Amino acid sequence: MSLKDPIRSPIPFSRGNVRPLLNEIIHALDRLLSDDEPTVIDLASLPFAPGELEELEQTLGSGELTAELDALGKSVIRETGYPGVWWVEHRNTGGEVVGRYIEITRSPEILMSQDADIGAGRARLNDSFESPGPELKEEAGK
Amino acid sequence: MKTIPTLGEILQAQGVSRRGFMKYCAATASLLALPPAMVPRIAQALEQARRPSVIWLSFQECTGCTESLTRSSSPTLEGLIFDSISLDYHHTLQAASGDAAEAARHAAMQENMGKYLVLVDGSIPMANPGYSTIAGISNYDMLMETVEGAAAVVAIGSCAAFGGIPGANPNPTGAVSVSDLVKDKAVVNVPGCPPIPMVITAVLAQFLTFGQLPDLDVHGRPVAFFGQTIHDRCYRRPFYEQGKFAETFDDEGARKGWCLYKLGCKGPITYNACATVKWNAGTSFPIESGHPCLGCSEPGFWDKGGFYNPISTADIGSGAGLAGAAVAGVALGAAAATLSRKRQQKTIKEG
Amino acid sequence: MDLLDFARGPALQVAIYVFIAGSLWRILGVLLLQRKPDHSEARQSGGFRGALKVIWSRSFTAPAFAKQTKYPKILGYILHIGLFITVFFFVPHIVFIKGLFGIGWPGLPNNAIYFVGVVTVAVGIALLIRRMTHPVLRLISNFDDYFSWLVTMLPLITGLIMPIRFGVRYETLLAIHILSVALLLIWLPFSKLAHTYFVFISRGTTGALLERRGART
Amino acid sequence: MKAADVKFDLESKRLSVEKPKARFDKQGDMSDAERVQKAMANFSKDFGTTAAAYLDACIHCGMCAEACHYYVATGDPKYTPVWKLEPFKQAYKRESGPLAPLYRLLGLKKEVTAEQLEEWQHLLYDSCTVCGRCSLICPVGIDIATLVSMARHGMYKAGLVPHELHAVAERAEVDGSPLGITPKLFEQRLEWMEDEHEVDINVDQEKVDVLAVMSSIEIQKYPDAMAATAKILNAAGESWTFRTDGFEATNFGLLSGNLELQKKNSMRIIETAIKVGAKLVLLPECGHAYMALRWMGANIYGKPLPFKVQHISEYLADSLNSGKLKVRKVDKSVTFHDPCQVSRRGGATQAPRDVMKHLGVDFREMQNGGDYNWCCGGGGGVVTIHRADELRYKVFKLKMDQVEATEADALLSSCANCRQSFDDAQNHYNWKYTAESLLELVAENLEDEA
């Protein structure tokens, strides 16, 4: 058993945390399909045995879409192998995990551009349009 | 009174996008062990939150709690100091020292009278003030003076919360906990030796977010983190129920990650969040790395019998006591019998 | 010194002292009374063998009485075996005994113990109902019977509550559990529970007597 | 009530004192306080280690009721054997138990009261034949029968013995034998039997090996037993004799709880046996006589008896087994009622079965016969108490079912008191079975030597 080997959970699958979680995801998917109700599962407060988190991640696998967010540290929003089941992982500037969720939704909230940012972006775009940057000025001058 | 900018304004000033702010709120919710559905409410509260002024008093302590805080993974300490709280006084971390440091403390107290937070780590010696002083001021005087205008007091670590090592038997310095002295202010105990870093920041975040302190259990500890025993949240609990126990530290059971009850684990009578929040950014916690829980977040855990004595062992009296009881029993038995025989003779004679 | 420390420390210590002193008091109070020798010519020797024989054989009913005593006998045995298993095969108890006497043995899984415990309490209640309803038992039962029942059941019930907890803190329940055991230890020597040891003295006496006569033991 | 004016009814099926118009169940004119004090004194005498071990072990499980024919037949909980000991146990716990000082100090156990003792007379006498069946079922092994006998000592001293038992005991004290038998009368009846059966009956010989004794019930009601005993002993070639100065085997002292009388009766036999240098005292067909001498005699005497003691069924079994006696085959199906004091309490269950094997009868054991046998309901002096008759008849039904279930031709037993209570009940239910004597059957079928 060297350090490189992946840590195997001592708890058999039938008794650990992974199986009930998968079951919970299934019910969440039913709710999503039947009454369009999203669910967020906070993985931080679950007593995972060593290796169980990795086992969960492997079981869910990865799907077609992965997004990366760079705000107050890196965050990864990845659709798992099961459409509608998203793996969201926030890290802070120190690279430490500050939040890890499984979101069962059409698209996690965090991906949406926020009105405040859109407004600010529009203003900035407008400013750069009024007084284009050096490259654009040069282009306009010729 | 200069207006203290709200957290929303600070983050905006630093160019943090609204999405970035949403991420921060999600992290805070997770930190406070609140359900994700609370994120909008947290966002709304955090926007209005004003950075509270925090005064950190260190008395008879080993700086372990401060070390623990500097390890606190989220949000990073530096961010914490500059972004969410204005740590106006911490004689280990602050640059100023001596009279300048004291002046800074008094200034902070004046400016935020009634609104600042006092964090204490380490117990207060009552046997002789000389045991622990800062700038010539005894811990007791400094505590009572600082606590005067505080909105709330947070006792960080088992020393401040319950007396800790200094308070352990025989307690030469007459160490007492914060709540033993501060009676008129709300005292939140965040015990542990050291407490989980996340839990320290969570209590501060809670105060920052909702402006009030979390609900506390019978020992004054936030129920969010000290509401359940390690045993109830321990991933090895199935082994306990199945009767699979490690008998020694490296026997087959220990290697298989079985329950450590027989090795003295105090999990069943210890309330803390180690089993879920874990330590070192969720890497592990004592039981996961094979050592029984010491029960460090319980009052007087140093004096609760050996760390390696299982909970259900009790020292039921010395041999002398037992022998004494046996001798007493024999004496009583013999006396009862002789008394009965005498009475029998008497009644027979009369009969 | 919170409730648990009190329970695990002085309370249990005193209880064990009282138990030892009380038991010796009662046993010697009986054994040291006047003893008349039996000069009659024994039909066969082996009074001691007879005593041991009856100590064992009287645990079972003779076929002649089997039918009438089937129900109480079965319940009685489930209660005693249940008590024995919950006390001596529950790991924390084994660890407690190991702490005292240094000898330990493998225990049963906790779920098994909880099951046995529940069955034992159920049987205990059935026996109590029987004692309160059966005309013979109603007549001959006194305070000792009912209080001894309670004192025996409390440790079981408080023990079973611990995993369920009903919102009460674990160490409070553990303290109550240990205090109920202390009560049992204190009450035992002064009550019918003393049959724990008197059953051997009494059966032994009859065994020796009947064996000498060559009569059915 | 003087011994002299005790009149016997010797004609009815059951020999006893005449049915008293007015009952004197309270003897002497002691005040209640005195009676209680006398009872406590004599209870105390018995609170030795044995009684203490028993009385401290009882767990009130109530199982002894299931074994007691009085409870089983009537269903009345007051007949629970251990309940019959209640005042005795209460006195023990208050006076001599290890926790007695505690109980007295805290007033937890009240003094036994006179009313209580009077009420318990019915339980300790009328409804207990001291048959010991309860002692066999008790899960904590309490010998309840022994305790009842002990309790009777206190009752006697408190003058609370049932009328008839007291009357018979009084006469036994005066005449040396209950039912009005004097040595003279005994000798006359022996001579009558000698002529009737043409058998030599040795009387008052000086030096013999075997001293035979008789029970008053046999002398009065079943005199043939005397002739049968003589036949057996002559056939066996024993040097034996009856003695007019020591012939009475029954012991109403034991039955009524009168320890002095019990001692007097037993000592009379012991002294006579020593006088004639007997090596064996042969007890007649009587249950309590066997208990009184075989198992209690030595303790009354104070040291081991210088002679063997055998019940007649044991002697017959030994003699037949050793070939000293030979019998003809008897072609009959037979069931056997074991007298409680001989089989269950006395350990001689196998003897009558050996005898019947030699007789070659078709022996049909009763269901739960032998050591777990239902009592005939007459033992322990109960048969003499008229007041207890109704109860006795009710209880006897159990015995009837047990016997009828065997469908045997005849019913045998080897206890005159059992025969007497069988006869009385047979008369009451006009039941087809008559209890016959094992001894007489053997005597009738001896192979007459050439």
Side-chain angles (χ1 to χ4, degrees), chain C residues 25-41 43-44 54-55 58-59 61-65 68-69 72-73 76 131 134-145 148 189-190 192-195 198-199 201-207 209-210 212-217, chain D residues 47-54 56-63 65-67 71-72 75-78 80 82-83 86 96-100 102 133 135-143 146 294-299 301-305 308-309 343-349 368 370-372:
Chain C
W25 171 1
R26 192 151 177 202
I27 292 173
L28 287 176
V30 164
L31 294 184
L32 295 180
L33 289 177
Q34 24 141 295
R35 187 183 290 274
K36 295 199 186 85
D38 187 346
H39 297 301
S40 65
E41 181 211 352
R43 186 188 303 281
Q44 56 188 20
V54 169
I55 287 175
R58 197 50 70 83
S59 307
T61 18
F65 310 124
Q68 310 94 311
T69 60
K73 202 82 186 179
R131 185 170 286 285
H134 191 291
V136 167
L137 293 174
R138 273 170 69 88
L139 177 68
I140 63 177
S141 295
N142 57 14
F143 169 78
D144 182 2
D145 297 297
S148 297
F190 304 97
K192 73 177 227 185
L193 296 178
H195 73 273
F198 273 112
V199 71
I201 301 172
S202 169
R203 284 184 185 175
T205 316
T206 305
L209 176 78
L210 296 179
R212 281 186 88 259
R213 294 183 185 173
R216 157 90 52 182
T217 46
Chain D
F47 292 154
T49 306
T50 313
Y54 290 150
D56 259 302
C58 177
I59 56 172
H60 288 163
C61 70
M63 279 201 202
E66 301 297 341
Y71 171 73
V72 170
D76 187 336
K78 72 179 181 194
T80 305
V82 82
W83 183 248
E86 198 55 25
S96 309
L99 307 179
L102 217 59
R133 205 159 185 275
S135 303
L136 276 186
I137 192 174
C138 174
V140 291
I142 298 171
D143 185 357
T146 307
R294 176 68 176 82
W295 298 114
M296 292 180 165
N299 298 332
Y301 187 52
K303 49 188 186 306
L305 296 172
K308 273 174 72 65
V309 176
S343 301
R344 180 172 25 254
R345 303 284 294 165
T349 318
N368 290 338
D371 297 322
Y372 295 101

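Within every chain, numbering begins at 1; the chains are lettered A, B, ... in the order of the sequence lines, protein sequences first and strands thereafter. Bear in mind the structure is a predicted one, so any value in this text is a computation, not a measurement.
Using a 4.5 Å cut-off between heavy atoms, D:Thr349 does not touch chain C at all. D:Ala67 touches chain C through backbone and side chain together, each having a heavy atom under 4.5 Å away. Both the backbone and the side chain of C:Phe190 come within less than 4.5 Å of a heavy atom of chain D. If you measure heavy-atom distances from D:Val82 to chain C, the contacts under 4.5 Å come from the side chain alone. For chain C, no part of D:Tyr301 is nearby; none of its heavy atoms comes within less than 4.5 Å. Neither the backbone nor the side chain of C:Leu193 comes within contact range of chain D, judged by heavy atoms closer than 4.5 Å. No part of D:Ala51 comes within reach of chain C, as not one of its non-hydrogen atoms sits under 4.5 angstrom from that chain. Interface residue C:Leu139: backbone and side-chain heavy atoms are both found under 4.5 Å from chain D. Within the 4.5 angstrom heavy-atom criterion, only side-chain atoms of C:Arg131, from C-beta onward, approach chain D.
Under the 3.5 Å distance criterion, the side-chain polar atoms of D:Arg294 are left unmatched by any main-chain donor or acceptor of C:Ser40. Judged by distance alone, the side chain of C:Ser202 and the main-chain N or O of D:Tyr54 form no donor-acceptor pair under 3.5 Å. With C:Arg138 contributing its side chain and D:Pro77 its backbone, the two residues share no donor-acceptor pair below 3.5 Å. A donor-acceptor pair under 3.5 Å is formed between the side chain of C:Thr206 and the backbone N or O of D:Gly141.
Note: C:Ala62 leads C:Ala194, C:Ser148, C:Ala62, C:Ser141 in heavy-atom pairs under 4.5 Å with chain D. Contact tally against chain D (heavy-atom pairs below 4.5 Å) for C:Leu210, C:Ile27, C:Asn142, C:Leu32: the top residue is C:Asn142. Of the listed residues (D:Asp56, D:Asp76, D:Val72, D:Asn368), the one with the most heavy-atom contacts under 4.5 Å to chain C is D:Asp56. Counting heavy-atom pairs under 4.5 Å between each of C:Arg35, C:Arg26, C:His195 and chain D puts C:Arg26 at the top. Counting heavy-atom pairs under 4.5 Å between each of D:Ala100, D:Ser343, D:Cys138 and chain C puts D:Cys138 at the top. Among the candidates C:Val199, C:Asp38, C:Leu209, C:Val54, the residue making the largest number of heavy-atom pairs closer than 4.5 Å to chain D is C:Asp38. Note on D:Thr49, D:Val140, D:Asp371: by heavy-atom pairs under 4.5 Å with chain C, the leading option is D:Thr49. Per-residue counts of heavy-atom pairs under 4.5 Å with chain C were compared for D:Asp143, D:Leu99, D:Thr50, D:Thr80; the largest is that of D:Leu99. Note: C:Gln68 leads C:His134, C:Gln68, C:Gln44 in heavy-atom pairs under 4.5 Å with chain D. Highest contact tally toward chain D, considering only C:Leu28, C:Ile55, C:Leu31, C:Ile201, is held by C:Leu31 [criterion: heavy-atom pairs under 4.5 Å].
When every heavy atom of C:Gly29 is checked against every heavy atom of D:Pro98, the shortest pair comes out as CA-CB, 3.6 Å. Contact record, D:Asn299 with C:His39: OD1-N, 2.7 Å, taken as the closest heavy-atom pair. For C:Leu33 against D:Ala52, the heavy-atom pair with the smallest separation is CD1-CB, 3.4 Å. For the residue pair D:Gly346 and C:Arg43, the shortest heavy atom distance occurs at O-NH2, 2.8 Å. Considering every non-hydrogen atom in both C:Glu41 and D:Lys308, the closest pair reads OE2-NZ, 3.7 Å.
Every salt bridge (Lys or Arg N to Asp or Glu O under 4.0 Å) that C:Lys192 has, sequence neighbours left out, goes to C:Asp145. Applying the ring-ring contact (aromatic ring centres under 6.0 Å, His included) test to C:Phe198 and every residue at least two apart in sequence or in another chain returns nothing.
Aromatic pair D:Trp83/D:Tyr71: ring centres not closer than 6.0 Å.
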